[in-house]
Amino acid sequence: MDQHLSARLPFSFAAVADSHGWRQLAPFSGDREDLRYILRLASGRVTELRLTGAGAGVRVNTEDGLEPAETAEVTATVAWMLGLDQDLSPFYEAARHEPKLAAAAAQAKGRILRSATLFEDVVKTILTTNTAWASTKRMVANVVNLFGDPLPADPARRAFPAPAQLAASDEATLRNEARLGYRAPYVLDLAQQVAAGALDLEALRTADLPTPELRRRLLALKGVGPYAAANLLMLLGRYDAIPIDSWALTVVSKEWHGGAPIGPAEVQAAFARWGQFKGLAYWFWDYA
DNA sequence: GGTAGACCTGGACGC
DNA sequence: GCGTCCAGGTCTACC
């Protein structure tokens, strides 16, 4: 199957693919020009999406023979992952007048690559906390390889596990085989709540909730603190949050405080004038 | 409400 | 090769 999906302009496929490190995490593969993702459809079929930029949108290639409902699911999933319908024109208009953001605006940077589900993004975000990026990549790969369904055409490659697949595991396996360490009970608890229907994470993707309430719900998840909640709000398109980690403190200090020790308040203050887009301003700022 | 210490892994470093 | 130290956010207990 081959189809073209249009995006709200301005749009750059490479800019979305490169927006952060997500494309380095399984089941993503490929590069900024030719992005691959192994998707488990609601039908249970596992298929590989091949995504490439195509003018004002994206070309989506999958195996032939998908049912109409499966094709519709692929279309909706890709639109979500790439944020095709997001309107960032107010941000671009403001950024055009800020030298440190002009390049981002000119290159249509602003959309942030998402996984197929919020569940997957919450798990991945938990696995970014309190660890080095190399460890995050290893933990995510372990989770996919241990619990995900294989791609029939290449069984060594797998989809991200569904909540029920992770929920059927146990803390010892997640801790000792997936090497999640103390994060194991957080991921297991999340998967069990979603699998049991006690937590409808995916509903938060379209929930018409004020950002503070959405943040409160994310913070209620075990393993999700201020940094993780802000990162997830960004992924949900709520750009009035700044995910403040040690890197943020470092770059903001170098940019405005001469490298002196600072705290989260200084990071917030540095981008306060960007209001509903301060997360994007922080993310795409051209740091010295 | 604020703070200290524990949590866990893997890489860097010294011996 | 082995042991130690450290970085990286969140949770819990305590004040």
Side-chain angles (χ1 to χ4, degrees), chain A residues 19-26 112 114-115 118-147 160-161 163 166-167 169-194 198-199 201 204 211-236 238-255 257 259-271 278-279 282-283 285 287:
Chain A
S19 55
H20 60 147
W22 250 217
R23 72 169 169 80
Q24 299 173 33
L25 301 178
I112 296 173
R114 298 159 167 153
S115 302
L118 184 57
F119 171 72
E120 182 176 333
D121 276 339
V122 173
V123 172
K124 286 176 172 175
T125 297
I126 290 173
L127 299 186
T128 66
T129 61
N130 202 26
T131 194
W133 181 244
S135 294
T136 296
K137 289 199 284 188
R138 189 178 305 112
M139 287 188 273
V140 173
N142 289 343
V143 165
V144 168
N145 291 331
L146 284 168
F147 305 107
F160 195 86
L166 277 177
S169 181
D170 57 78
E171 184 178 328
T173 303
L174 288 170
R175 189 181 284 268
N176 302 321
E177 295 186 39
R179 310 299 293 170
L180 304 192
Y182 70 91
R183 303 166 196 82
Y186 303 156
V187 171
L188 185 60
D189 179 64
L190 180 76
Q192 289 176 338
Q193 282 195 64
V194 174
L199 173 64
L201 260 190
L204 296 182
T211 300
E213 171 60 18
L214 197 48
R215 180 175 185 271
R216 192 188 66 75
R217 296 199 187 188
L218 293 168
L219 287 172
L221 305 174
K222 289 282 189 183
V224 174
Y227 159 77
N231 190 62
L232 289 165
L233 285 172
M234 291 275 287
L235 287 166
L236 287 167
R238 305 297 184 104
Y239 302 120
D240 46 345
I242 301 178
I244 302 174
D245 56 7
S246 55
W247 183 81
L249 298 175
T250 298
V251 294
V252 170
S253 174
K254 285 181 180 173
E255 187 81 6
H257 298 275
I262 62 168
E266 283 79 10
V267 178
Q268 294 289 353
F271 294 99
K278 62 184 178 184
Y282 156 74
W283 203 274
W285 196 262
Y287 294 98

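In what follows, every chain begins at residue 1, and chains take the letters A, B, ... in the order their sequences are listed. Because the structure is predicted, anything quoted here is derived from the model rather than measured.
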Counting the atoms with a prime plus P, OP1 and OP2 as sugar-phosphate, which does [X] contact under 4.0 Å by heavy atoms, base, sugar-phosphate, or nothing?
X	answer
A/T131	base
A/A134	nothing
A/I244	nothing

Review point. Which heavy atom in A/Y186 sits nearest to a heavy atom in A/G223, and how many Å separate them?
Key: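 Closest approach of A/Y186 to A/G223, heavy atoms only: CD1-CA, 3.4 Å.
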Point to revise | Aromatic centroids of A/F271 and A/W285 separated by under 6.0 Å | key: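 For A/W285 and A/F271, the ring centres are under 6.0 Å apart.
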**Study point:** Test of ring centre spacing under 6.0 Å for A/W247 and A/Y287
**Key:**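 They qualify: ring centres under 6.0 Å apart.
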Return the value, rounded to whole Å, for the distance between atom [atom1] of [X] and atom [atom2] of [N].
X	N	atom1	atom2	result
A/M139	B/dG10	CE	C1'	10 Å
A/R183	B/dA6	CZ	P	18 Å
A/L218	C/dT10	CG	P	12 Å
A/Y182	C/dT10	OH	C1'	6 Å
A/L127	C/dA7	CG	P	22 Å
A/R179	B/dT9	CZ	P	5 Å
A/L219	C/dT10	CG	C1'	11 Å
A/N130	B/dG10	CG	C1'	12 Å

Taking only side-chain nitrogens and oxygens of [X], does any of them come within less than 4.0 Å of OP1 or OP2 of [N]?
X	N	value
A/R138	B/dT9	no
A/S246	C/dG9	yes
A/K222	C/dT12	yes

Check your understanding: Is a side-chain donor or acceptor of A/K124 paired with a backbone partner of A/F119 at a separation under 3.5 angstrom?
Key ->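 Here the side-chain-to-backbone pair does not exist.
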Check your understanding: So which nucleotide from C/dC11, C/dG8, C/dT10 ends up closest to the side chain of A/Y186?
Key ->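 Nearest to the side-chain atoms of A/Y186, counting from C-beta on, is C/dC11.
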**Study point:** Minimum-distance nucleotide to A/R175 side chain [options: C/dT10, B/dC8, B/dG11]
**Key:**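 Output: B/dC8.
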Practice item. Take A/L190 and A/L201, measure what side-chain contact (heavy atoms from CB on, under 4.5 Å) needs, and give me the verdict at the end. Key: CA-CA 9 Å; A/L190 180 76; A/L201 260 190; 4.0 Å; yes
